[in-house]
Amino acid sequence: MLKLAAQSTVLTLLWGCAGSAATNIVPLHLDAGFWYGDFVVGPQNFSLAVDTGSFAVIIGEGKYKPNPTSKQTNQGEFIQFNGASEDGVQMATETFFFVEDDAEFAGVALSDFLVGNITDGDPLGGDGIMGFSPPASMITDPNDPTFLAGQSLAQAICDQEGISPCEFGLTLKTDGTGSLIFGPIDETQIKGDITTLQSQPVDAWIPLNQTEADSAILVIDGKPVTHIIPIFDNGTPNIIGPLDVVRSALLSVGYNLSEQTDSDGISTVFGTYDCSRPPARFGFSFPPSTVVHYIDEGANVLNKTADGKICTANILGTSTATAPNWQIGQTWFQGRYVQHNLNASTIAFADLV
Ligand SMILES: *[C@@H]1O[C@H](CO)[C@@H](O)[C@H](O)[C@H]1NC(C)=O
Ligand SMILES: *[C@@H]1O[C@H](CO)[C@@H](O)[C@H](O)[C@H]1NC(C)=O
Ligand SMILES: *[C@@H]1O[C@H](CO)[C@@H](O)[C@H](O)[C@H]1NC(C)=O
Ligand SMILES: *[C@@H]1O[C@H](CO)[C@@H](O)[C@H](O)[C@H]1NC(C)=O
Ligand SMILES: *[C@@H]1O[C@H](CO)[C@@H](O)[C@H](O)[C@H]1NC(C)=O
Ligand SMILES: *[C@@H]1O[C@H](CO)[C@@H](O)[C@H](O)[C@H]1NC(C)=O
């Protein structure tokens, strides 16, 4: 299914004209941990969360109305998301069926784009999600003709606009405004060195490592803590790691632990600290470089008590995360230009000016 769609869009490209760079920039804004942009399908205009951690475009239950250009497929999927609330604790499960429809994104018209129509699901922020992960490793299932993982919105835009290599950047600022920019890194928006990491080509933006020693490192206040496998995912609201590692990391910087176990047996831990002390700084380094890329200090605070005295750090430890996997969510993206290359399977980043 995806191969057919890719072929027909390549054909359109031969006769279409390449869009000007200015039309391929999408303004984004932060709301309760998620970054939203406009996505138009048929006559409807939706505000969807940009999510580099998932693949498909899906619209919240009951929101996507049929129109003369929409065609049902009877193919779809069931997905479970973690990190579905601002503090990262909530999970969301969604069942959806794809509809082929005329869509518009980044000033580009896409015909017969696969849009997921959620028919049964937990509430999501905004009107739904638009996925920007690398392609799903399983797009269709030979044993299940009803299974379909969807279509890459980024690849569809690149094909239509002749953007090759196919790449896009996220520039998420610390003031809650940002952009999704198709094409190469806009060098006028960055300062300092660009770090480029080879990533796995499917499913998620996860840097590859040959040995443990060359894998990413969690660093707290300048001290390397442990080697990890990071998943770069701007659609996760904060930094999420395994329960035990986060618990000991929070204790090591003198934070109090705030632990909970819900009715499904999922345990989580947060750290609280006196807002008047200098907060601990959490960051990551990527060997062989020893440079530490810290989370912006402002994004490091989840909330404060009404009297402004007790702060909760914006890092979640959960029993659903398995070491050495960590999710590097949008708080780390803030203040950076993060570039995603679907052709070369690289993720690159630099500080915003
Ligand atoms: C979608 O809605 C937003 C907010 O109301 C508006 O700014 C934007 O122009 C609309 N886009 C389209 C294509 O209708
Ligand atoms: C989406 O699914 C609902 C049923 O849950 C259906 O009423 C609606 O027509 C569907 N939308 C489209 C565009 O097919
Ligand atoms: C990127 O990948 C597409 C599709 O696989 C291919 O057609 C194109 O030539 C590639 N571009 C570059 C610069 O590698
Ligand atoms: C990659 O790094 C992780 C985390 O350090 C480690 O657990 C894993 O064994 C490494 N993979 C290889 C192939 O060495
Ligand atoms: C940390 O726990 C201690 C002992 O229970 C308590 O006195 C202190 O107020 C707590 N501080 C914060 C910031 O939660
Ligand atoms: C801060 O967030 C944590 C995690 O969601 C929550 O348990 C706590 O009650 C919140 N505190 C305040 C003061 O809102």
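When a ligand or atom number is given, it counts from 1 through the structure's own listing order.
Which parts of ligand 2 touch Pro66 is read off a 4.0 Å heavy-atom cut-off, strictly below it: atoms 9 (O), 13 (C). Interface atoms of ligand 4 facing Pro324, defined by a heavy-atom separation under 4.0 Å, are 4 (C), 7 (O). With ligand atoms numbered from 1 in the order given, ligand 2 contributes 14 (O) to contacts under 4.0 Å with heavy atoms of Val99. Counting atoms of ligand 4 from 1 in the listed order, those under 4.0 Å from a heavy atom of Ile229 are 3 (C), 4 (C).
Among pairs with a residue in residues 64-81, those fulfilling salt bridge (charged side-chain N to carboxylate O under 4.0 Å, His left out) read Lys71-Asp112, at least two apart in sequence or across chains.
Between Asn117 and ligand 2, an N or O atom pair is found at a separation short of 3.5 Å. For ligand 2, the polar-atom distance check against Tyr64 finds a nitrogen or oxygen pair separated by under 3.5 Å. Considering backbone and side-chain N/O of Ser70, none are found under 3.5 Å from N/O of ligand 2.
Contact analysis puts Lys65 in contact with ligand 2, with a non-hydrogen atom separation below 4.0 angstrom.
In summary, the aromatic rings of Phe232 and Trp332 are positioned with their centroids under 6.0 Å apart.
Counting heavy atoms from C-beta on, the side chains of Gln334 and Trp35 come closer than 4.5 Å.
Of all the heavy atoms in Leu257 and Glu259, the pair that sits closest is CD1-OE2, 3.7 Å.
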Distances under 3.5 Å, N/O of ligand 5 against N/O of the protein: list each pair and its distance.
| from | atom 1 | to | atom 2 | distance (Å) |
| --- | --- | --- | --- | --- |
| ligand 5 | 2 (O) | Asn256 | OD1 | 3.4 |
| ligand 5 | 2 (O) | Asn256 | ND2 | 2.2 |
| ligand 5 | 11 (N) | Asn256 | ND2 | 3.0 |
| ligand 5 | 14 (O) | Asn256 | ND2 | 3.1 |
| ligand 5 | 14 (O) | Thr272 | OG1 | 3.3 |

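Ring planes of Phe284 and Phe286: tilted class, angle from 30 to 60°.
Side-chain N/O atoms of Ser267 and Thr261 include a donor and acceptor closer than 3.5 Å.
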